[in-house]
Protein chains: 2
Amino acid sequence: MTTDRKKKALETRQKLLDTALKLFAKRGFEHVSIAQITTTCGVSKGTFYTHFATKYDIVLEKFQEFDAHYVEAAKKIDENLSPPQKIIALYDEQMIYLTTVVGKDIMRTVYTAAMTNQVEHVHYLIHPQRTIFELIRRYLEEGVEQNIFRKDLSFEAIEKMIQRAMRANVYDWLIHAEDFDLIKEMHVFTTTLLDGIRA
Amino acid sequence: MTTDRKKKALETRQKLLDTALKLFAKRGFEHVSIAQITTTCGVSKGTFYTHFATKYDIVLEKFQEFDAHYVEAAKKIDENLSPPQKIIALYDEQMIYLTTVVGKDIMRTVYTAAMTNQVEHVHYLIHPQRTIFELIRRYLEEGVEQNIFRKDLSFEAIEKMIQRAMRANVYDWLIHAEDFDLIKEMHVFTTTLLDGIRA
DNA sequence: TGATTTAAGTGACCGAGGTCAGTGAAATAA
DNA sequence: TTATTTCACTGACCTCGGTCACTTAAATCA
């Protein structure tokens, strides 16, 4: 049941989220304090923590929202391409999205949080139900049906490597200065890895 | 010239380093404060910062020391192996070392710092002069001489991918719980990638 | 030797993320 | 309607990494 109180609480939560993301975008995650966010919203510091467990959670929530984009991206991919080509096409799309829309700052936060806040459950970064992983899995299943992959590697092993290739390039993008072309690097790396997986 | 004063300062520095690493090993990096380190050493908090720029620097210094290990590891590698086999052998050695001696805690610190503290210069994690990278480069040069690699990939592109494969697996190790066998994962992944690089 | 410079060491202080006993009004129970 | 419970919200407080004006004794200079 949605009472007045719950509705108001949700409004507060949403306002905190919006304000935080706006400030992060303007000044960068590290340069925005919780106090800044809450005073901008006209609430106390403690209120932030009734809605979010940590500062990272704001970014993580937004990041999960981004996954919806991949469904759209997948629709644009030519159905006649080979499974490896589809994977490459999807990764190309994703890297364009990460560099132009999501940005380094948010990605750095997600990749840092995955290393530190991984106490309780599996981090979203490697969560099997992530939209992008489901898409990749579908393409790989196609590839298996078409007998284009090596038989000495298990489906799970191949799947893991393809996912890992993504994180590998994103991580290297994050630790490099502006001289790193994520789209190009991801393309070459994943293509080469897929060559090693082909029968 | 080594004056009495400089000698004593170096002693203080060394004591801070040893104490910090001992405490990190016992309680974990995140659970040891600078205050704990300095009071254990019988100096003030400020003293820590006359010798180290950040808390991370302690770990980074130790990490750089570890690189010396790879020269020894390289000596054990059979000279008759093919260049790709040598690379795999070296990575096998390195992963055993990381999991049994260095440990997840220190590695997590290094991999986090690489993302956040990369303002000034290139982080050591991707420093071209790292012993391990020099070794890899030598093996790759051997491979080029023997014509075993694809010709459509530049030497630098191949080198980058091999290095990236290492970070990919270490990063995935860091974000996974105990169910991740770094040695095995690194072996399969790098072998597959090298297959994709072979002519 | 005495005057001056240098730098290791000090500790009060800052702003940060995060905590928690307490408050008050809305929701529910009587 | 009145009593009780619930919970969004408060803000003083904690610990932490890091800063900096200052102290003091060793090193250097005259």
Side-chain angles (χ1 to χ4, degrees), chain A residues 1-21 23-24 27-61 105 108-110 112-113 115-120, chain B residues 1-21 23-24 27-61 105 108-110 112-113 115-120:
Chain A
M1 198 202 337
T2 309
T3 60
D4 268 22
R5 213 169 158 199
K6 271 185 186 156
K7 224 172 74 187
K8 241 193 134 201
L10 249 159
E11 269 171 37
T12 307
R13 191 194 137 89
Q14 194 59 44
K15 202 174 170 191
L16 281 167
L17 228 166
D18 293 343
T19 307
L21 286 168
L23 287 172
F24 291 164
R27 299 200 244 284
F29 182 81
E30 296 286 351
H31 298 106
V32 177
S33 70
I34 305 291
Q36 271 167 45
I37 298 166
T38 51
T39 53
T40 306
C41 284
V43 295
S44 80
K45 206 175 165 187
T47 300
F48 182 92
Y49 291 95
T50 54
H51 297 291
F52 306 98
T54 70
K55 193 184 170 190
Y56 289 113
D57 282 32
I58 292 266
V59 166
L60 196 63
E61 183 153 328
D105 193 56
R108 187 154 35 220
T109 308
V110 173
T112 304
M115 280 196 278
T116 33
N117 302 15
Q118 33 71 289
V119 196
E120 343 139 1
Chain B
M1 194 200 340
T2 310
T3 61
D4 269 20
R5 212 171 160 199
K6 273 186 186 153
K7 225 172 71 188
K8 243 199 135 198
L10 248 159
E11 270 171 37
T12 306
R13 191 194 138 88
Q14 193 60 44
K15 202 174 169 192
L16 281 166
L17 228 165
D18 294 342
T19 307
L21 286 168
L23 288 171
F24 290 165
R27 297 201 244 285
F29 182 80
E30 296 286 350
H31 299 107
V32 177
S33 69
I34 304 291
Q36 269 169 44
I37 298 165
T38 52
T39 53
T40 307
C41 281
V43 294
S44 79
K45 205 176 167 188
T47 300
F48 182 91
Y49 291 95
T50 54
H51 298 291
F52 306 97
T54 70
K55 194 184 170 190
Y56 289 114
D57 281 31
I58 292 266
V59 167
L60 196 62
E61 182 152 328
D105 192 57
R108 188 154 32 222
T109 307
V110 173
T112 304
M115 279 196 278
T116 32
N117 303 13
Q118 34 70 292
V119 197
E120 342 140 2

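Note that these values count all heavy atoms, side chains included, but never hydrogens, waters or copies made by symmetry. Numbered from 1 within each chain, the chains take letters A, B, ... in sequence-line order.
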J.: Show me the donor-acceptor pairs, under 3.5 Å and distance only, between side chains in residues 9-20 of chain B and residues at least two apart or in other chains.
T.:
residue, atom, partner, partner atom, Å
B:T12, OG1, B:K8, O, 3.0
B:R13, NH1, B:H51, O, 3.1
B:R13, NH2, B:E61, OE1, 2.4
B:R13, NH2, B:E61, OE2, 2.5
B:Q14, NE2, B:D18, OD1, 3.2
B:T19, OG1, B:K15, O, 2.6

J.: To the nearest Å, give me how far apart CZ (A:F48) and C1' (D:dG11) are.
T.: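 Those two atoms, CZ and C1', are 16 Å apart.
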J.: What does nucleotides 19-30 of chain C look like as a protein-contact string, B for base, S for sugar-phosphate only, - for none, at under 4.0 angstrom between heavy atoms?
T.: B----BBBSS--
J.: Is there side-chain contact between A:F48 and A:I58, with heavy atoms separated by less than 4.5 Å?
T.: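 Yes. Closest side-chain heavy atoms under 4.5 Å.
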J.: Under 4.0 Å from any atom of DNA chain D, heavy atoms only: list the residues of residues 27-35 of chain A that qualify, in numerical order.
T.: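 Within this stretch, nothing sits under 4.0 Å of the strand.
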J.: Ignoring hydrogens, what is the shortest heavy-atom contact between B:T54 and B:D57? Give both atom names and the distance.
T.: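 In this case the closest contact between B:T54 and B:D57 is OG1-OD1, 2.8 Å.
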J.: Quickly work out the B:Q36 CD to D:dG17 C1' distance and round it to whole Å.
T.: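 B:Q36 atom CD is separated from D:dG17 atom C1' by 13 Å.
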J.: What's the CD1-P distance between B:I37 and C:dG9, to the nearest Å?
T.: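 From B:I37 CD1 to C:dG9 P: 16 Å.
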J.: Take the protein atom NZ of B:K7 and the nucleotide atom C1' of D:dA26, then report the distance between them rounded to whole Å.
T.: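 Rounded to whole Å, this separation is 14 Å.
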J.: Whole angstroms only, please: what is the NE2-C1' distance between A:H51 and D:dC7?
T.: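 Spelled out: NE2 on A:H51 to C1' on D:dC7 is 11 Å.
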J.: Just the rounded figure in Å: distance from P of C:dG18 to OH of A:Y56.
T.: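 Distance check: A:Y56 OH to C:dG18 P gives 8 Å.
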J.: Applying side-chain contact (heavy atoms from CB on, under 4.5 Å), can you list everything that pairs with A:T2, at least two apart in sequence or on another chain?
T.: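 Once residues adjacent in sequence are excluded, the partners of A:T2 under the side-chain contact (heavy atoms from CB on, under 4.5 Å) criterion are A:K7.
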J.: For residues 29-43 of chain B, tabulate all N or O donor-acceptor pairs below 3.5 Å that involve a side-chain atom, not counting sequence neighbours.
T.:
residue, atom, partner, partner atom, Å
B:H31, ND1, B:R27, O, 3.4
B:S33, OG, B:Q36, N, 3.1
B:T38, OG1, B:I34, O, 3.1
B:T38, OG1, B:A35, O, 3.1
B:T39, OG1, B:A35, O, 2.9
B:T39, OG1, B:Q36, O, 3.3
B:T40, OG1, B:Q36, O, 2.5

J.: Which ones in residues 11-19 of chain B lie close to DNA chain C, meaning a heavy atom under 4.0 Å from one of its atoms?
T.: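 Nucleic-acid contacts, sorted: B:T12.
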J.: For D:dT10, does either OP1 or OP2 sit under 4.0 Å from a side-chain N or O belonging to A:S44?
T.: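 A:S44 to D:dT10 OP1/OP2: side-chain N or O found under 4.0 Å.
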